[in-house]
Amino acid sequence: MSQCIENEERINIDGSSLNVNNKIDLFSDLFTKQSSHDTLLILNQRITLPFVLFQELWETKPIRICADGAANRLYEYLILNGEDNITKYVPDYIVGDLDSIKDDIVDFYLKMKVVILKQNTQYATDFKKCLLMIVYNAYHPGVLKEKRYEDNYKIDPVDGLIKLNDEIDDHKKIGIINVIAIGAIGGRFDQSINAITELYNNSGDKSKITLRFLTDTDIIMLIPGNGTMICYDSQFRDMVIGNCGLLPMGEPIKLIETHGLKWDVCNWDSSIPSGIVSSNNRFSGIDRCYIDSNCDFVMNIEYFPNELVKYMNLA
Ligand SMILES: Nc1ncnc2c1ncn2[C@@H]1O[C@H](COP(=O)(O)OP(=O)(O)OP(=O)(O)O)[C@@H](O)[C@H]1O
Ligand SMILES: Cc1ncc(C[n+]2csc(CCO)c2C)c(N)n1
């Protein structure tokens with residue numbers, strides 16, 4: 001029988017008897033450095049994050065990449081926050097079909113030694129092309145820097161990156177590549193849904209990437225099925241995060257049990273066609289929330305950027 005119980009605003013969660021197969025630390029997984037492959041991916045929407053937060057994201061992600069027209073957005077945003085910034089925050093790569101990046105931005109970033117790689121295929125989005133670049137770079141760091149823009153780094157300008165990724169010897173252990181993308185959600189609806197499909201494309205045990213999105217209002221990620229503990233410290237919960245949604249966007253899901261939501265559920269079938277979805281929920285667990293589901297699902301967690309800035313002592 002399915003159940004929903006309403007909890008007090010804050011409850012203690014004892015994790016010792018729960019079957020935890022995945023752990024997500026909300027603050028450190030996103031905002032601290034986890035590995036030398038961590039990547040900030042910038043997509044083509046206006047950047048409106050508080051500048052100190054952007055700086056922190058940039059500094060904690062050793063690899064930075066712009067999808068095509070995102071390079072224009074980066075440049076504009078940096079100028080807006082002080083002209084000196086354009087030479088301080090120089091991305092490693094700009095990748096895409098290059099139909100959106102402006103000519104003067106190409107010239108500027110070539111001068112700054114950015115690898116600007118053309119990939120023209122009309123069967124992959126610029127977002128996808130960037131993910132391919134991120135994986136290729138993790139296996140072959142810096143090799144394109146030694147080659148030339150003029151001959152497209154000796155890579156087939158149609159879909160060379162796809163072929164190069166197919167040839168990767170994944171016996172080499174590189175660990176998981178954590179990618180935080182800004183500009184993925186909001187704006188054009190098909191682009192936003194495409195971004196959600198990338199969450200699913202980059203899920204599962206064989207995936208090389210863990211992809212997460214940051215907007216001005218939300219952290220959006222895939223919660224793995226089969227027992228996930230989401231951890232945070234109590235001050236982070238109180239200051240920085242608001243509502244959340246458990247969103248069965250890929251397929252219908254069963255929430256087997258949750259512990260630490262304001263509205264905890266048990267044996268709860270959820271899908272978009274049935275109209276049964278846990279939106280407008282929130283974390284009640286003081287420092288953790290446990291979710292066991294039969295498959296992966298999308299979760300959005302509302303956050304307050306200016307409070308995050310204070311929490312991180314960046315103000
Ligand atoms: N209007 C938009 N709304 C949401 N996301 C966008 C929008 N425009 C671009 N993006 C994101 O930025 C990436 C780079 O987009 P850009 O505009 O530079 O090239 P594009 O040719 O329009 O994109 P694509 O070729 O991938 O459709 C896209 O792949 C997408 O992820
Ligand atoms: C069935 C199908 N639908 C749409 C596209 C178009 N498309 C998908 S990704 C992309 C690249 C954008 O730069 C384009 C044009 C396609 N190829 N196949």
Side-chain angles (χ1 to χ4, degrees), residues 39-49 54 57-58 61 63-79 89-110 112 114-137 149 152 155-166 177-203 207 209-222 247 249-250 298 300:
T39 300
L40 176 63
L41 169 58
I42 305 177
L43 298 165
N44 187 10
Q45 293 205 76
R46 193 151 61 89
I47 307 171
T48 47
L49 286 175
F54 172 86
L57 281 174
W58 186 282
K61 311 290 171 255
I63 309 296
R64 300 94 177 198
I65 175 163
C66 291
D68 191 2
N72 307 332
R73 307 297 188 143
L74 174 66
Y75 188 90
E76 284 158 19
Y77 178 70
L78 292 172
I79 291 274
Y89 300 94
V90 177
D92 300 281
Y93 297 99
I94 300 169
V95 177
D97 54 9
L98 308 186
D99 63 351
S100 306
I101 187 170
K102 295 179 196 156
D103 293 344
D104 54 332
I105 303 291
V106 170
D107 293 344
F108 175 76
Y109 282 123
L110 282 177
M112 301 304 292
V114 177
V115 171
I116 306 183
L117 182 71
K118 186 189 260 307
Q119 289 291 282
N120 262 335
T121 176
Q122 298 296 293
Y123 291 85
T125 61
D126 290 341
F127 186 165
K128 167 78 98 198
K129 294 166 193 172
C130 286
L131 294 175
L132 291 166
M133 185 72 248
I134 291 166
V135 173
Y136 182 77
N137 173 73
Y149 168 76
N152 207 44
I155 294 177
D156 178 345
V158 178
D159 59 359
L161 264 182
I162 298 177
K163 292 178 216 146
L164 284 176
N165 271 264
D166 289 344
I177 308 170
N178 293 297
V179 178
I180 300 242
I182 59 172
I185 301 290
R188 235 175 70 201
F189 191 60
D190 60 330
Q191 299 278 33
S192 299
I193 293 297
N194 176 258
I196 298 294
T197 70
E198 288 303 346
L199 288 181
Y200 284 93
N201 276 335
N202 292 282
S203 67
S207 176
I209 287 180
T210 299
L211 179 61
R212 293 181 175 139
F213 301 142
L214 193 70
T215 73
D216 292 348
T217 53
D218 292 275
I219 297 163
I220 299 164
M221 62 176 81
L222 213 57
L247 310 173
M249 297 183 75
V298 176
N300 72 305

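The residues of the chain are indexed from 1 along the displayed sequence. Order of listing sets the numbers, starting from 1, for every ligand and every atom in it.
The pair Asp166-Lys163 does not count as a salt bridge, with every side-chain nitrogen at least 4.0 angstrom from each carboxylate oxygen.
Protein heavy atom at the shortest distance from atom 6 (C) of ligand 2 is Gln122 O, 3.7 Å. In terms of protein heavy-atom proximity, atom 12 (C) of ligand 2 is closest to Ala124 O, 4.1 Å. What sits closest to atom 31 (O) of ligand 1 on the protein, heavy atoms only, is Phe127 CB, 3.6 Å.
For the pair Asp126 (side chain) and Asp97 (backbone), a donor-acceptor distance under 3.5 Å is present. Between the side chain of Tyr109 and the main chain of Pro91, no donor-acceptor pair closer than 3.5 Å is present. Between the side chain of Tyr89 and the main chain of Leu78, no donor-acceptor pair closer than 3.5 Å is present. Gln119 places a side-chain N or O within donor-acceptor distance of the main-chain N or O of Asp156, the cut-off being under 3.5 Å. Between the side chain of Thr121 and the backbone N or O of Val158 there is no donor-acceptor pair closer than 3.5 Å.
Less than 4.0 angstrom separates some heavy atom of Asp97 from each of these atoms of ligand 2: 13 (O). Short contacts between ligand 1 and Asp68, defined as distances under 4.0 Å to a heavy atom of the residue, involve ligand atoms 18 (O), 19 (O). Of all atoms in ligand 1, numbered sequentially from 1 with element shown, those under 4.0 Å from a heavy atom of Ala67 are 13 (C), 14 (C), 18 (O). For ligand 1, the atoms lying closer than 4.0 Å to a non-hydrogen atom of Gly187 are 3 (N). Near Gly183, with a cut-off below 4.0 Å to any heavy atom, the atoms of ligand 1 are 5 (N). Of all atoms in ligand 1, numbered sequentially from 1 with element shown, those under 4.0 Å from a heavy atom of Gly186 are 3 (N), 4 (C).
The shortest N or O to N or O distance between Ser192 and ligand 1 is not below 3.5 Å. For ligand 1, the polar-atom distance check against Gly69 finds a nitrogen or oxygen pair separated by under 3.5 Å. An N or O contact shorter than 3.5 Å is missing between Ala184 and ligand 1 by distance. In terms of N/O distances under 3.5 Å, ligand 1 is approached by Asp99.
Contact annotation: the side chain of Ile42 approaches that of Trp58 to within less than 4.5 Å [non-hydrogen atoms, C-beta and beyond]. Contact check for Asn72 versus Ile101: side-chain heavy atoms found under the 4.5 Å cut-off. Using a 4.5 Å cut-off on side-chain heavy atoms (C-beta onward), Val298 and Phe213 make no contact. Counting heavy atoms from C-beta on, the side chains of Val179 and Lys61 never come closer than 4.5 Å.
For the atom pair CG (Leu57) and CD1 (Ile180), the distance works out to 6.5 Å, reported to the nearest 0.5 Å.
If you look at Asn194 next to ligand 1, there are no close heavy atoms at all, none under 4.0 Å. Here Lys128 has no heavy atoms under 4.0 Å from ligand 1, in either its backbone or its side chain. By the criterion of a heavy-atom distance under 4.0 Å, neither the backbone nor the side chain of Ile101 is placed next to ligand 1.
Counting protein heavy atoms under 4.0 angstrom from atom 4 (C) of ligand 2 gives zero. The protein reaches atom 10 (C) of ligand 2 closely, with a heavy atom under 4.0 angstrom from it.
There is no side-chain donor-acceptor pair under 3.5 Å between Gln191 and Asn194.
Counting heavy atoms only, Arg188 comes closest to atom 2 (C) of ligand 1 of the residues Glu198, Arg188, Arg73. The closest non-hydrogen atom to atom 8 (N) of ligand 1, taken over Ile193, Asn44, Asn120, comes from Asn44. Nearest-heavy-atom check against atom 22 (O) of ligand 1 across Gln191, Lys129, Gln122 picks out Gln191. Nearest to atom 23 (O) of ligand 1 by heavy atom, out of Ile94, Asp190, Leu41, Asp126, is Asp126.
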Worked check of salt bridge (charged side-chain N to carboxylate O under 4.0 Å, His left out) between Asp104 and Lys102: CA-CA 6 Å; Asp104 54 332; Lys102 295 179 196 156; 6.0 Å; no

